[in-house]
Structures are given as C-alpha cells and as structure tokens.
Amino acid sequence: MGIILKPIVTEKVTDLQDKFNRYGFRVVSSATKAQIKAAVEDTYNVKVLSVNTMRVDGKNKSRYTKAGVISGKMESYKKALVTLKEGESIDFYSNI
C-alpha cells in the first residue's frame, strides 16, 4: 500500500495551488514528512520544497430516518500540504 491515498481536490486547496503552488494529499496516518516527500517526488516527478502535515478529526454526522435519528462519525485522517518548486505543477486530470 502506498503512502499517498488520494489527492484532495477542493475549492480551498485549488486556491492554494493557484496562489502558493501547494497541493493537498490524503496520506496514511503513520507516514512521516520524509516519506511523503519521497512518495510525491517519485509519483509525480516534481521537486518538493516542504511538507506540512495535519491530523483531521472526523465530523459528527446524523440523519433522520423512519426509525429515528441515526448518529455516526466520519473517520479521522492525515492530510499533507506539499509545496512544490517554482514553475512545477501536478495535473491530476491528465489520465482521465
């Protein structure tokens, strides 16, 4: 299993891509910054300047059904924001 689970493509992360050349990835919770840096450089053939990581707590969710209110929680995960060298970029949509 790889270090990078999937890229994060949201409006907020897309804005970071345009302004600061930063990309977001959902990564394995046990991954270190050095492992994330190596995985991104190998996978996308780019030069990584820095890696910032954070643990994101799962949100509480509830829904209303015939049987009543069902409550639950989304899973927690680790997110990595990767800053690339000036002039380099990652195209997530090239293989669609």
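Start at 1 with the first residue, then count along the sequence. Note that the structure is a prediction, hence the values are computed from the model and not measured.
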Working for side-chain contact (heavy atoms from CB on, under 4.5 Å), residues I90 and F25: CA-CA 12 Å; I90 297 173; F25 296 96; 4.0 Å; yes
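- The main-chain N or O of S89 is never found under 3.5 Å from a side-chain atom of N21 such that the two would form a donor-acceptor pair.
- Formation of a donor-acceptor pair under 3.5 Å by the S76 side chain with backbone atoms of G58 is found in this model.
- The distance from atom NZ of K37 to atom NZ of K47, rounded to the nearest 0.5 Å, is 4.5 Å.
- Under the 4.5 Å side-chain criterion, counting only non-hydrogen atoms from C-beta, L84 is not in contact with L49.
- Two residues are said to be in side-chain contact when any heavy atoms from C-beta on lie closer than 4.5 Å; V9 and F92 meet this criterion.
- Across V51 and A80, no two heavy atoms sit closer than the pair CG1-CB, 4.4 Å.
- Contact check for I4 versus I36: no side-chain heavy atoms found under the 4.5 Å cut-off.
- A donor-acceptor contact shorter than 3.5 Å links the side chain of R55 to the backbone of S29.
- Counting only heavy atoms from C-beta outward, the side chains of L81 and F20 never approach each other to under 4.5 Å.
- One finds the CG atom of N60 at 8.0 Å from the OG atom of S71 (value rounded to the nearest 0.5 Å).
- Counting heavy atoms from C-beta outward, K73 and K61 have side chains that stay 4.5 Å or more apart.
- The shortest distance between side-chain heavy atoms of N52 and R22 falls below 4.5 Å.
- The only option from V13, T14, V56 that meets the side chain to side chain contact (heavy atoms under 4.5 Å, CB included) definition with I8 turns out to be V13.
- Considering CD1 of I3 and NZ of K78, their distance stands at 9.5 Å, rounded to 0.5 Å.
- Distance alone, capped at 3.5 Å, places no donor-acceptor pair between the Y77 side chain and the R26 backbone.
- Note on Y93: it clusters hydrophobically with V40, by side-chain heavy-atom contacts below 4.5 Å among ILVMFWY residues.
- Separation of atoms NZ (K33) and OG (S50) is listed at 8.5 Å; rounding is to 0.5 Å.
- Here OH of Y64 is found 12.0 Å from CD1 of I70. Values are rounded to the nearest 0.5 Å.
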